[in-house]
Structure formats: structure tokens, C-alpha cells
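Note that these values count all heavy atoms, side chains included, but never hydrogens, waters or copies made by symmetry. Note on naming: letters A, B, ... go to the chains in the order of the sequence lines (proteins, then strands), and numbering restarts at 1 for each one.
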Amino acid sequence: MEVYKVVYSPSELQEMIEHAQNSELLAYDTETTGLNVRKDKVIGFSISGKVGYGYYLPLFKWNGSELEPIWSMDVAEKVLNIIKSKKLIMHNASYDVRITKNSLNIDLLDSLYCDTILLKHACDEERPFGLKDIAKKIQHELGLDVSAEANKEQLDMIESIKANGGAVTKECYELFKADVDKIGIYACKDTDLTLRVFNYYSELLTKEGLDRFFYKDETMPLMKEVTIPMESRGVPVDVELLKAAQAEISVDIAEVERQIHELIEPHLGLFYDWYVGKELKQSTTGEFPQLLCEYADLDLPKTKAGRYSIAKKGVESLPDSEYKEFLLGNAWLSKEVVADIKSMWLKRLPEHPFNISSKHHLAKLFFDTLKEPPVTKTDKGNPQMNDLFLDSVKDKYEFVPLIRVYNKLNKLKSAYIDRFLERQEDGIFYPSYNQHRTISGRYGSDLQQLNRPYESAEGVHPAVYKYTNMVRKFFISGDDHAFIDADYVSLEPFVFSHVSNDNGLKAIFLNGHDFYSTVAIATEGLEGLSADKKADNYLGKVNKNLRQKAKAYSLGIPYGMEEYALGKTLNIPQSEAKRLINQYLNAYPELKKWMERSNEMCVTQGYVKSEAGRIRHFPKAPKIWYSHGKDILDSLKLWSKYHERPKLYQQMKFLRKEVKNSLNNAKNFQIQSLAASITNRACIAINRELKRLKIDGYVCAQVHDQIITRVPEEHAERCRKIVQYLMENTYKISLPLSAPAEIGKDFYEAH
DNA sequence: CGGGCGAGCGCC
DNA sequence: AAAGGGCGCTCGCCCG
């Protein structure tokens, strides 16, 4: 039985301290008032140094109206300083380290030894990564019965929060309102679990030969020296520019909206009928019951938004009436009532019921009212409303191009203006950087999708051009600082030329030629053209189109792209696409062999390893391969063999997809993952060097093959050289990497 | 009303 | 018959 203790008395405190002192490794977890590490407070923390044990030091308790101190900050500090002298294990360490520093003023970063999310990720890259989810997944190995207990501690706590009047929604999870005992036991359970998960995966890590990769070369150093500093310091944003952009784009959107409504009006006849019918169908959800409540003046509580709350409880307490029976779902309303409500509603229809950003509305209008044929269907077989369709009717309806403008402007506003304005804190945006969200070891981040600026305004709607090219200007280096921005030149092509060890591919880079042009020339057997950027007959200059084509397949083909997809992207017949693929692979025979070796590794050993050491597992592929052999990949064979037995056929198709995906992923992983390691290790090296030189600079953003470092302006030029050198030389491959670095004051200039 | 999800589109 | 990889965010819609 577990020993979980909530520390109240001095003797219990002594016990906790001794437990910490006697442990070499300590799992550590904070309980807090919320998820914002800068605004929220630590209300207590737990430790476990031994499986089955846990101690929680409560610092605050909820007394019904406010948080009341329990143990003083001096005691917290004393205990934390002991904890700090140990090797710490945390689940999602960035969060606990940052909130401990901000709220309790103790920096545990140097003591961080292992993040169990990352440990699990190194051994098992598949989701989920929540502590409880992991525990559940490996409960047999841990000797636990997590599901039988059904997370008792968590359920107890949620109940306790509710009982004390707290909210438990995702947006507003008021854990701090639970009883201290409940929080404490929950916290102890967490650190105990963290320790068990650590023990379990530590063994696996060693077995897989990943200790060095994890502790020394990449994972934990990246977490401690890059990820946590990057998330802590954030990126300054130009709040005034954001505010101005928000105001201006709203006006522009309103104007486009006005134009669309004006042009669309004559087409709306049938749509209007549909809308009126749909919106007013007798239903206990949506608009209808709202109107009914108003019509019948029902005494129901209202929500914050001023709408009636149609909860069962409230309805049941109403006096008996036909309305009550309807709302309870027992009877329909009389025709007269429905007619009254309808006329009530018609009088207050929105001026423009047509919602331009609703695909549903657009689909109704185009496919039903205007009888336009869809271009594509969704996976579920419904007519698809997308940009491809809108493109197909853009010449027929004047408002169609405006719809695209409207959608783009709205996307720009919500995703790239409103979001950053809402989330910035005192002029700093704090991005998330997750090391475990991608299988390849790339970062998963919410700051990696900033629009690329247009190179010219030609053919672009002026408003779309204006705001698209503004997005990167929101991110600024701030007073006395500058950005050093460096992108690797064609990182993935460099890496896969290196990995495949194809001399033809490698020669391209060794000669300093343009990759895509060379591939185009070799694949298509072009004569009289050069891949030398300085030559008069440089393909990129003479025939941009052919170079562009090569861009589509030179990376796609090694990742398993087939003639269908290639034909589609290039808009050429499949036969032509097939010819290109064959010629490409024949032009680079070692690449072809590497692809075959990758396939082999995937289906025989069930995993592949990047050169840098990261592993991706394909547990199912070898089993399927062993049972079915290579025929499993042949769709036509599968069809002829199994189509008369539909259920079995579905299963076989599923297996086929599984193997096919594994084979493609095995190839992609080795490239993408090595590229990620190259960038990640450069980030570590940059931060180390800046620290060594006592320059207050740091990697403040990373976008897969791009690193943006923020440095004091006075050191900008020196740092520019350092960044470039370290990107090009930290992780060496058999080709000379190139990462020209530039100085800029914002993300736009830096680009 | 909140949570989950598909579709679409942003990036490499 | 099925036909390249890795993500995150927003929207509308649907459901409980």
C-alpha cells in the first residue's frame, strides 16, 4: 500500500525533508491555480523518491473566498533547496520548472535530470503522453491496476472542486478549490506514477541504446538549454502595430463583406427558403427553444450570454404547459404556436442570413440552389466546398473571388492578429515548443505557421497582400536587441543525399549546383542546360517551370510518392509521371538502393534509426509482412483475391495501408529526423557558446530548418558569425551545410 | 454550453 | 484498387 502524506505538522515536515535527503532521484510536481506559468501560483508541491511513497507540501488552501497560506515561503524555500540538490524527474518539466521559478523564486532548471514525457517519447513515440494515459498503457508492467481504480484520486478531486463551488471545465479548471487532502493525495499519486514511469522507461532506454542520445547528445540538453529558456523568454511583439492591424483589417473585412452580400443577393432565392426552414425546425436545441421561451415568457435561468438555459432541471420545475412537454421531448407544439414563433423570427432575421464563412451555407448555395457540380468529394463522399471548387466557378460569379479574399482576411485576422494580440503579455508572446509532439524530433510549436510574405503584389488582392506581408513584422527584437536569422539552404535534400550516399546526388552539392535544376536535368535528360546558378543556360533562369516540377518530385519520390500523386501535383498524365519516377530513380541508383534497404529494415526489424540516433518503431509492419509477404502491397491482387468477402477485404486493405504507411514513414523519418537533429544540436551549441561568451542572447524561435536568435544589438555582427558557424559545423555530414545568417529587427526583415 | 471532430489552410 | 512526410490553429457543426 502506498504511503502518501500531506504535510501539516513539523514532524511530518521533517519526514518529508528526510525522504528528500535520502533519495538520489526525486520526482517533483507542482499543483497550481492554473496553466499560465507567469500569472498563476503554486499552491503546493509533491515529491517521490521511492516507489509507493509521496509527500505533498501544501502552501495554500482555499477557504471559500480566497487562498490562505499554510506553510510559509521560508519553509517552501528550505524544502525546495534540498530538492534542488537532487536529480529531478518531472512530467512536462518546462511547466513545473517555470512556474516554480516565477511563483516560488527557486530555479530548478540545473537540477532537472529527466522529463518523463520525453523519456517515454524516446522509447515509444506514439501518443498519448499524459501521465495517466501512459500509466494506463503500461499498467501491467508497472504492476498497477489503473483502470480498476478508474483514477480514483482524480475523480475524488473533481468531486471536491465541485463541492467547494469550483469550475472543472477545460478552460477554467479550479483545482485550487479542492480540499487540501484531496489535492495532496492526487499530487503524491502523480509523483509516484512519474517515478514508476521513469523506472520502466529507463530500462527500455538502455535496452534500445538510447541513453547517450537522450541524456548527452540531444533530448535533455535541448530541453534544459533551449526549450525551457525559449519558452521562458518568449518573443517581443509590436502591440501598437497589432492593434492598428486589427482595426484596419476589420474595416477591410466589413467592406468585402458588404460587396459580397450585394453581389450574392440575387442568387439567394432558394437558399433563403432553406435557411428559414432549417433554422426554424422544431427542436429543443438551437434558436427555436430560445424564441419559444421568449414567446411563452417561460421562467428559466439565463446564461452569461443572455440566452435561456434549457437544462432538464429547470424545465421540470416549470408549471405544466404544452411548452414544458415540448421542451421535455414528450410532445410537439401546436401549429398555431409554431406559426407565431415563425413570424416572430422572420421579423428579426439577421440582415444577411448568409454566412460567408460557413462551408455549409456555401455548399447549399452552390450545389443545391445554383446546381453547380462539385469538383471533389470529401472522404465521406459529400460534395466538397473548398478553394478548388471556388476556383472552378470564379469566372461565372463575380462574388466568388471576393469570398476567397474574405476567407483569407478572416484567417489572417483570427489566426495571426487576434491570437497574438490576445495572448501577448506586456508586449511578449510566449510560444509553446513541444519536443514530443512530432515523431521525428522536430519541435511542435504554435509559432511555426507565420505566413510567408508575397514577393510581389502582382495578382494579389491589395488587402490580402498588405496583411500577409505584415504578419512577420509583428515579431520584433525589441530595444537594444537584434535578431540573427539563419535558414539552412535545402536542408532536407542535403540530408537525404548524405543518407542515401548517392554520389550523383552528393556531387550536386559538392559542385555548389542548384539541387532542383540538376535533378530536373538528370531525370528528364535535358540537354544544353545547366544547374550552375551562374551559367547563362541555368535552368532556374531559362525554364523555371521545369525546375519547379523537380521540386515537386525530388523529395516526394524518395518518400514513396507514386505516379497518381505526382501526376496530380504536376498536372501531367500518370504515364508521364511514371516515366519521371523511373528516370529519377535510375539517375540516382544508390538512392534507389537506400530506399530498398529502408523498406527491408522496416518490415524485418520493425524499426529504423536516424543517423543521429533517434528511433521510430513500426511494431505492426513485420507481423503483417511475415503473414502476408509482399503481396499485401498489391491492391489489385488483394481485390481479386478478397473482394467477394467484403469484411475480410476491408481488413486486408487496412493492413495494406498500415504496411505502406510504415514503409513511407521509415524513409521519411531517417531524413526528417536527422534534419531535426542537425537543427536542434545547432540550437544547443548556439546557446552554449553565447553563455560561454557571457552574451545575453538566446535562440528565441526555431522553424525546422531556421533558427532565430535574439541578441544584444552591440554583439549582433559577432553573433551572426557564431550562429552561422555553429549551424554549419555542429553536426557534420558528408556534405558542407550552408546556413547564411542575417541581422534584422523583426521576423520580416530577418527573413 | 463545452468538448470533440472534420475540413481547410498556414508552415517546413 | 489506391496512390509522399511532419505539424498547429480556426472555423462551423454536432453531440451529450
At less than 4.0 Å, is any side-chain N or O atom of Ser414(A) found next to OP1 or OP2 of dC11(C)? Yes or no. yes
Do the side-chain N or O atoms of Arg419(A) get closer than 4.0 angstrom to the phosphate oxygens (OP1, OP2) of dG8(C)? no
Sorted by number, the residues of residues 611-621 of chain A with heavy-atom contact under 4.0 Å to DNA chain B: none
Does anything in residues 402-413 of chain A reach DNA chain B, meaning a heavy atom under 4.0 Å, and if so which residues? Lys408(A), Lys411(A)
In terms of side-chain heavy atoms, does [X] have a donor or acceptor partner in [Y] at a distance below 3.5 Å?
X: Asp446(A); Y: Tyr433(A); value: no
X: Ser94(A); Y: Glu231(A); value: yes
X: Thr679(A); Y: Gln702(A); value: no

Here the distance between atom P of dC14(C) and atom NZ of Lys359(A), to the nearest Å, is 14 Å
Quickly work out the Leu450(A) CG to dT10(C) C1' distance and round it to whole Å. 15 Å
Heavy atoms only, 4.0 Å cut-off, all strands: where does [X] land among base, sugar-phosphate and nothing?
X: Ser432(A); value: nothing
X: Lys568(A); value: nothing
X: Ser358(A); value: sugar-phosphate
X: Ile439(A); value: sugar-phosphate
X: Tyr443(A); value: nothing

Please output the side-chain donor-acceptor pairs of residues 635-642 of chain A that fall under 3.5 Å, not counting sequence neighbours, one pair per line with the distance.
unit_1    : atom_1 : unit_2    : atom_2 : d
Ser635(A) : OG     : Arg656(A) : NE     : 2.8
Ser635(A) : OG     : Arg656(A) : NH2    : 3.4
Lys637(A) : NZ     : Asp631(A) : OD1    : 3.3
Ser640(A) : OG     : Leu636(A) : O      : 3.3
Ser640(A) : OG     : Lys637(A) : O      : 3.0

Taking the six-membered ring for Trp, are His261(A) and Phe354(A) ring centroids under 6.0 Å apart? no
Residues from residues 591-598 of chain A lying under 4.0 Å of DNA chain C - heavy atoms: none
Got a minute to check which stems DNA chain C is part of, using Watson-Crick or G-U wobble pairs under 3.5 Å, three or more consecutive? B:1-12 with C:5-16
Provide a list of protein-nucleic acid N or O atom pairs under 3.5 angstrom, restricted to nucleotides 2-4 of chain C.
unit_1 : atom_1 : unit_2    : atom_2 : d
dA2(C) : OP1    : Lys653(A) : NZ     : 2.7
dG4(C) : OP2    : Glu562(A) : N      : 3.2

Ignoring hydrogens and geometry beyond distance, is the side chain of Arg442(A) in donor-acceptor contact with the base of dC12(B) at under 3.5 Å? yes
